Amino acid sequence: MKQDERFMREAIRLSQQAVENGNEPFGAVLVKDDEIVFTNENQIHTKTDPTFHAEAGLIRRFCEETGITDLSDYTLYSSCEPCHMCSGAMVWVKLGTLVYGASNIDLCDILEVPGSECSKIVFEQSGFYPTVRTGVLREESLDVLRPYFMKYTKG
């Protein structure tokens, strides 16, 4: 889908921006009715908060600033598959659709550690099933992840 690629490009741009700002290379974009309504980049180092991932931070800030806590009409684009924590946050806000580029297994291959399908596991265990589309601009996302994690460790 062209729209998926458009919004994923923004998530990948945010992941690059996160690196420029001293954080890990992850970006997230929240969309409703084909319009970007909120964005966030990973900020774990600049906020000194290991939970301020791109997705969880986006959800936290969006809900706080808008008072909206039901995201069933929204799509979240993430440059990389959300971790267990971020996927759990998506369950709590009833996210309608998740679209991501690189998978957690792709990331873990770069890190040379075992990986899992984080989102799938959390969604299955919770019984919550948003629509999920994977691998959108995967290579472009990996092009940001690889150089960063060849130089730095996770966390």
Side-chain angles (χ1 to χ4, degrees), residues 1 3-108 115-123 125-126 128-138 140-145 148-149 152 154-155:
M1 295 173 102
Q3 287 294 77
D4 281 352
E5 290 181 7
R6 175 179 149 221
F7 297 127
M8 186 60 68
R9 277 194 177 77
E10 179 62 9
I12 293 168
R13 186 192 70 74
L14 288 163
S15 73
Q16 292 169 321
Q17 182 175 300
V19 173
E20 292 165 13
N21 290 330
N23 295 292
E24 292 185 349
F26 303 100
V29 174
L30 190 63
V31 172
K32 183 176 182 188
D33 300 326
D34 293 325
E35 295 291 328
I36 294 174
V37 296
F38 216 82
T39 65
N40 194 58
E41 63 190 60
N42 179 287
Q43 297 174 57
I44 64 169
H45 297 304
T46 53
K47 290 207 180 280
T48 318
D49 180 350
T51 69
F52 215 102
H53 294 192
E55 305 88 349
L58 181 148
I59 290 168
R60 183 181 311 140
R61 289 179 52 231
F62 177 78
C63 292
E64 180 181 1
E65 291 181 23
T66 66
I68 298 169
T69 58
D70 181 340
L71 302 185
S72 55
D73 293 331
Y74 293 79
T75 299
L76 192 147
Y77 290 83
S78 180
S79 59
C80 186
E81 179 178 4
C83 71
H84 292 88
M85 175 188 69
C86 293
S87 297
M90 293 172 197
V91 170
W92 288 109
V93 296
K94 302 177 198 82
L95 181 69
T97 303
L98 168 64
V99 182
Y100 62 84
S103 71
N104 183 59
I105 292 173
D106 291 330
L107 174 60
C108 289
S116 68
E117 296 176 300
C118 298
S119 296
K120 182 178 179 182
I121 291 168
V122 170
F123 298 153
Q125 291 293 313
S126 70
F128 174 76
Y129 297 97
T131 301
V132 178
R133 293 190 293 276
T134 67
V136 175
L137 300 181
R138 176 180 172 265
E140 288 88 335
S141 179
L142 288 169
D143 288 344
V144 179
L145 293 169
Y148 181 87
F149 288 114
Y152 301 103
K154 183 106 178 68

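All values reported here derive from a predicted model rather than from experimental measurement.
Around the CD atom of E5, the shell of radius 6.0 Å holds more than 12 heavy atoms that belong to other residues, nucleotides or ligands. Summarising the local packing, CD of E65 is surrounded by more than 12 heavy atoms from other residues, nucleotides or ligands at distances under 6.0 Å.
Taking the side chain as every heavy atom from C-beta outward, P130 and M90 never approach each other to under 4.5 Å. Counting heavy atoms from C-beta on, the side chains of V37 and Y74 come closer than 4.5 Å. The closest side-chain heavy-atom distance from T51 to R60 is below 4.5 Å. Between C83 and N104, every side-chain heavy-atom pair lies at or beyond the 4.5 Å cut-off. Taking 4.5 Å as the limit, some side-chain heavy atom of R133 sits within range of a side-chain heavy atom of Y77. Contact check for F26 versus L107: side-chain heavy atoms found under the 4.5 Å cut-off. Counting only heavy atoms from C-beta outward, the side chains of F149 and P25 approach each other to under 4.5 Å. Contact of the V132 side chain with the S119 side chain is not registered, since no non-hydrogen atoms from C-beta on lie closer than 4.5 Å.
Between the side chain of N21 and the backbone N or O of N23, no donor-acceptor pair lies under 3.5 Å. S79 contributes a side-chain N or O that, together with a main-chain N or O of G27, makes up a donor-acceptor pair within less than 3.5 Å.
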Practice item. Verify side-chain contact (heavy atoms from CB on, under 4.5 Å) between I12 and M8, making sure each step is shown before the conclusion. Key: CA-CA 6 Å; I12 293 168; M8 186 60 68; 4.0 Å; yes

Exercise for review: Given side-chain contact (heavy atoms from CB on, under 4.5 Å), test H53 with E24 step by step and report yes or no.
Suggested key: CA-CA 9 Å; H53 294 192; E24 292 185 349; over 6 Å; no

Practice item. Show the numbers, then the answer: is there a side-chain contact (heavy atoms from CB on, under 4.5 Å) between I105 and E117? Key: CA-CA 7 Å; I105 292 173; E117 296 176 300; 4.0 Å; yes

Practice item. Step by step, work out the side-chain contact (heavy atoms from CB on, under 4.5 Å) result for L142 and D106. Key: CA-CA 8 Å; L142 288 169; D106 291 330; 3.7 Å; yes

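A salt bridge links R13 with E10: the closest approach of a Lys/Arg side-chain nitrogen to an acidic carboxylate oxygen falls below 4.0 angstrom.
The line from OG1 of T134 to CD of E81 is 8.5 Å long, rounded to the nearest 0.5 Å. Atom OG of residue S126 and atom CD1 of residue I121 lie 12.0 Å apart, to the nearest 0.5 angstrom. Between atom CD1 of residue I68 and atom NZ of residue K32 there is a gap of 6.5 Å, rounded to the nearest 0.5 Å. The CZ atom of R9 sits 12.5 Å away from the OG atom of S141 when rounded to the nearest 0.5 Å. If you take OG on S87 and CD on E55, they are separated by 7.5 Å, rounding to the nearest 0.5 Å. Annotation: the span from R61 atom CZ to T66 atom OG1 amounts to 11.5 Å, rounded to 0.5 Å.
L76 and A28 make their closest contact through CD2-CB, 4.2 Å (heavy atoms, listed as atom of the first residue, atom of the second, distance). The two residues V99 and V136 make their nearest non-hydrogen contact at CG1-CG2, 3.6 Å. Across all non-hydrogen atoms, the minimal contact from P50 to I44 is O-CG2, 3.7 Å. Smallest separation of non-hydrogen atoms from A89 and I59: CB-CD1, 3.9 Å. Here the closest non-hydrogen pair linking L145 and A102 is CD1-CB, 3.8 Å. Considering every non-hydrogen atom in both M85 and A56, the closest pair reads CE-CB, 4.2 Å.
The aromatic rings of F62 and F38 lie perpendicular to each other, with more than 60° between the two planes, well past the 30° mark. Under the 30°/60° scheme for interplanar angles, the aromatic rings of F128 and F123 are found to stand perpendicular.
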